Amino acid sequence: MDLRKASVKLGTLWTLTTGSLSVNGIIVEPVIPEGGVSENAAWTRSFVDPYTEFEIPEAGGTSDVPPSDEGNPVNLFPVEGTVQLDARLYQIGAPGAIITSSGGIYDFNSPLTFLTYGAPEFDVSSVLFQTSSVGSVPDIESASLLYRESADGLLIEAPAPTGTGFLQLGAGLFAQTFTAWEWDLSGTSIYDFFVIFESASSSLSLWDLSLDTLGTPTSYLDGVRFDITANSGFSGFYQVLHNKAGESEPRIVYQVGDTVEVTAVEGFEFKFVGWTGDLSGDNEFETVILDEDPTVRGVFSPETYFAWMTDTITPAFMIPNPPYSQRSPANANPDGDPFPNIMEYAFGGFPEVYDADRITPKLVVNSEGEVFYVFRRQMGATDLVYRVQVSTDLVTWNYNGDGTGIDYTEEQPNPVFNGDGTETVTAKILSPDPDTDSVFVRIEIIWTQ
């Protein structure tokens, strides 16, 4: 019985062929050449220890062996000679991290830092390291590999990965992101090693890990990764699809010059509003010719408060206290800033992260003394009305279309696309009385429900 293939099948959600690679569930499965080439492998699909106080090692220094009674063992089948028995994963960046009901390591507030330890018993030529996660994505550029040549040797930083891969399927909380790194370690003498990587931001949940240590050079990730994502939250009501022209399935790596088709798929009460990165505009279907560092993000905007709430407020099973029923109403204010949830929605805020400075409307005066009111607006909202109002006495407030027949503001053309579903609007204030010394401005948000 092939234990490697058996273990892969346990985690299989689908089988996906990507050129010369086969992605089965959580991993790219190495093809081991004939001739007795050594290999160690380790996998996991769930974790038990969310945080370990082991200090991150640094190149040029020394390090203790990570504690074997902490962290997370990285193996499904503890068969000596096949599985790397001492491989372990430690989360060392966020003390408040938790183990979710899915078995993932998660922290809402802080980016996570992970350290994986391995100690192969043969001459290492390459390491293939892969993760599966949901929510936020891993910081691909943060990955590094440190190794020692002896038990008490100084830590040496290996060259940058020779290849990286990336594949995100779906969007939202349960969109799975597969991230892969490959190091060519030919000519080194390795006693043990550490792989370190971080999450790109908060709200990443690490679900799976695969570590392959091989005694032969490999090039499974020969090509370029296509960092294509959506501004995903928790709902998964929308997604971005991609595939090489003439094919139907996505790849974890492509080649420079490949023509890739990308499609934004709108979901329940979410409107596609545009692309960022190597694409622009708001056509739902586009093609892009890949360069050395291709990056595309599909941007969606909620059409209703319900859609925004479902996509933005952390689900109950991830944060049970305070209860979801207290955090999700329109008049709730879980982050304690000046904006209740309905205003966070209107201005594109994060209801559980204090970000008042980012979303507070502002008055701007140019060198000619002209006054402008600047605010953020949801691009897809169908249940919100935005009214910029002006007053000269703080008693009577007027706005365009109030029945007086006077224009009090003039929205400037080309609002700024923010890449998160909102746009920044600039409204010029037109004083109804040029002899008035003071003009007061406010914004009224009407929720039509």
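Only this structure's heavy atoms are used, side chains among them; waters, hydrogens and symmetry mates stay out. Quantities reported herein were computed from a predicted structural model and do not represent experimental measurements.
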Problem set entry | Exam field: side chain Asn366 to backbone Val371, donor-acceptor pair closer than 3.5 Å | no
Exercise. Going by distance alone, is a donor N or O of one side chain under 3.5 Å from an acceptor N or O of the other, for Asn418 and Thr424?
Worked result: yes
For this session: Verify the distance criterion only: is there a donor paired with an acceptor across the side chains of Thr179 and Gln130 at less than 3.5 Å?
Result: no
Problem set entry | Thr164 and Arg225: side chain donor to acceptor below 3.5 Å | yes
Exercise. Hey, does Trp207 have a side-chain heavy atom less than 4.5 Å from the side chain of Val134?
Worked result: yes
Problem set entry | Glu55, CD: over 12 other non-hydrogen atoms inside 6.0 angstrom | no
Problem set entry | Thr404 and Tyr408: CA distance, side-chain angles, deciding distance, side-chain hydrogen bond (donor to acceptor under 3.5 Å, both in side chains) verdict | CA-CA 10 Å; Thr404 62; Tyr408 299 90; 2.9 Å; yes
For this session: Examine distances only and state if a side-chain atom of Asn72 and a backbone atom of Leu89 form a donor-acceptor pair shorter than 3.5 Å.
Result: yes
For this session: Without swapping roles, check the side chain of Ser199 against the backbone of Leu112 for a donor-acceptor pair under 3.5 Å.
Result: yes
Exercise. Just wondering, do Leu115 and Pro57 contact through their side chains at under 4.5 Å, heavy atoms?
Worked result: yes
Problem set entry | Among Glu370, Glu368, Glu410, salt bridge (charged side-chain N to carboxylate O under 4.0 Å, His left out) partner for Lys428 | Glu370
Problem set entry | side chain to side chain contact (heavy atoms under 4.5 Å, CB included) evaluation trace for Phe347 with Phe339 | CA-CA 9 Å; Phe347 295 135; Phe339 300 97; 4.0 Å; yes
Exercise. Hey, are Glu182 and Ser219 close enough side-chain-wise for a donor-acceptor pair under 3.5 Å?
Worked result: no
Problem set entry | Note, Tyr345 side chain near Leu384 side chain (heavy atom, < 4.5 Å) | yes
Exercise. Looking just at side-chain N and O atoms, do Asp278 and Thr295 make a donor-acceptor pair shorter than 3.5 Å?
Worked result: no
Exercise. Hey, what do you get for CD1 (Ile446) to CG (Asp383), rounding to the nearest 0.5 Å?
Worked result: 12.0 Å
For this session: Check step by step if side-chain hydrogen bond (donor to acceptor under 3.5 Å, both in side chains) holds for Asp184 and Thr162.
Result: CA-CA 6 Å; Asp184 184 347; Thr162 53; 5.9 Å; no
For this session: Would you tell me whether Glu249 and Asn243 have side-chain atoms, one donor and one acceptor, within less than 3.5 Å of each other?
Result: no
Exercise. Have Ser391 and Thr396 got a donor and an acceptor in their side chains that come within less than 3.5 Å?
Worked result: no
Problem set entry | Pair Phe226-Leu290, side chain to side chain contact (heavy atoms under 4.5 Å, CB included): steps then yes or no | CA-CA 8 Å; Phe226 190 12; Leu290 300 190; 4.1 Å; yes
For this session: Check Phe268, Trp308, Phe300, Phe272 against Phe237 for a ring-ring contact (aromatic ring centres under 6.0 Å, His included) and give me the one that passes.
Result: Phe268
Problem set entry | Centroid-centroid distance, Phe197 to Trp181, less than 6.0 Å | yes
Problem set entry | Euclidean distance, Tyr305 OH relative to Glu344 CD, rounded to 0.5 Å | 9.5 Å
For this session: Kindly indicate whether the side chain of Phe306, heavy atoms from C-beta on, has any atom under 4.5 Å from the side chain of Asp311.
Result: no
For this session: Step through the shown structure and confirm whether more than 12 heavy atoms of other residues, nucleotides or ligands are within 6.0 Å of CG on Asp393.
Result: yes
Exercise. Would Trp275 and Asp282 satisfy side-chain hydrogen bond (donor to acceptor under 3.5 Å, both in side chains), going step by step from the backbone distance to the final call?
Worked result: CA-CA 6 Å; Trp275 301 102; Asp282 57 6; over 6 Å; no
Problem set entry | Nearest-0.5 Å distance that lies between atom CD1 in Ile140 and atom CD in Glu198 | 13.5 Å
Problem set entry | Enclosure of Glu58 CD (heavy-atom neighbours >12, cutoff 6.0 Å) | no
Exercise. Given side chains that start at C-beta, do those of Trp43 and Val74 come closer than 4.5 Å, heavy atoms only?
Worked result: no
Exercise. Do the non-hydrogen side-chain atoms of Val262 and Thr287 ever get within less than 4.5 Å of each other?
Worked result: no
For this session: Please answer whether the main-chain N or O of Met309 pairs with a side-chain N or O of Thr312 as donor and acceptor at a distance below 3.5 Å.
Result: no
Problem set entry | Derivation and outcome, salt bridge (Lys or Arg N to Asp or Glu O under 4.0 Å), residues Glu444 and Arg387 | CA-CA 5 Å; Glu444 179 185 31; Arg387 289 177 178 170; 3.6 Å; yes
Exercise. Are any side-chain N or O atoms of Asp64 and backbone N or O atoms of Pro66, one a donor and one an acceptor, separated by less than 3.5 Å?
Worked result: no
Exercise. Just checking, is any N or O donor in the side chain of Thr382 or Glu303 under 3.5 Å from an acceptor N or O on the other one?
Worked result: no
Exercise. Strictly by modelled atom types, are Asn283 and Glu286 linked by a side-chain donor-acceptor pair under 3.5 Å?
Worked result: yes
Exercise. Between Thr422 and Arg376, is any side-chain donor less than 3.5 angstrom from a side-chain acceptor?
Worked result: yes
For this session: State, without any angle test, whether Thr131 and Ser133 hold a side-chain donor-acceptor pair at a distance under 3.5 Å.
Result: no
For this session: Please lay out, stage by stage, how Leu204 and Leu206 fare under the test side chain to side chain contact (heavy atoms under 4.5 Å, CB included).
Result: CA-CA 6 Å; Leu204 176 140; Leu206 183 68; 4.1 Å; yes
Problem set entry | Donor-acceptor contact present, side-chain Gln91 to main-chain Gly93, <3.5 Å | yes
Exercise. What is the distance from atom CZ of Arg88 to atom OG1 of Thr52, rounded to the nearest 0.5 Å?
Worked result: 8.5 Å
Exercise. What distance do Phe285 atom CZ and Leu241 atom CG have between them, rounded to the nearest 0.5 Å?
Worked result: 10.5 Å
Problem set entry | Qualifying residue for ring-ring contact (aromatic ring centres under 6.0 Å, His included) with Phe194, from Tyr90, Phe114, Trp183, Tyr117 | Tyr117
Exercise. With a 4.5 Å limit on heavy-atom distance, are the side chains of Ile445 and Met343 in contact?
Worked result: yes
For this session: Report yes or no: do Gln168 and Thr229 form a side-chain donor-acceptor pair below 3.5 Å?
Result: no
Problem set entry | Residues Lys271 and Glu284 bridged, charged N to O under 4.0 Å | no
Exercise. Is the CD atom of Glu53 crowded by more than 12 outside heavy atoms at less than 6.0 Å?
Worked result: no
Problem set entry | Polar contact flag, side-chain donor to acceptor under 3.5 angstrom, Thr360-Asp357 | no
Exercise. Are the side chain of Asp335 and the backbone of Asp337 linked by a donor-acceptor contact shorter than 3.5 Å?
Worked result: yes
For this session: Mind checking the CD1-CD1 spacing from Ile196 to Ile56? Nearest 0.5 Å is all I need.
Result: 4.0 Å
Exercise. Quick one: does Asp355's side chain have a donor or acceptor within less than 3.5 Å of a partner on Gly349's backbone?
Worked result: no
For this session: For the pair Thr314 and Glu352, evaluate side-chain hydrogen bond (donor to acceptor under 3.5 Å, both in side chains) and give the outcome as yes or no after the intermediate values.
Result: CA-CA 8 Å; Thr314 308; Glu352 295 169 298; 2.9 Å; yes
For this session: Describe, in one word, how the ring planes of Phe270 and Tyr238 are oriented to each other, choosing from parallel (under 30°), tilted (30 to 60°) and perpendicular (over 60°).
Result: tilted
For this session: Answer whether the closest heavy-atom distance between the side chains of Leu209 and Phe129 falls below 4.5 Å.
Result: yes
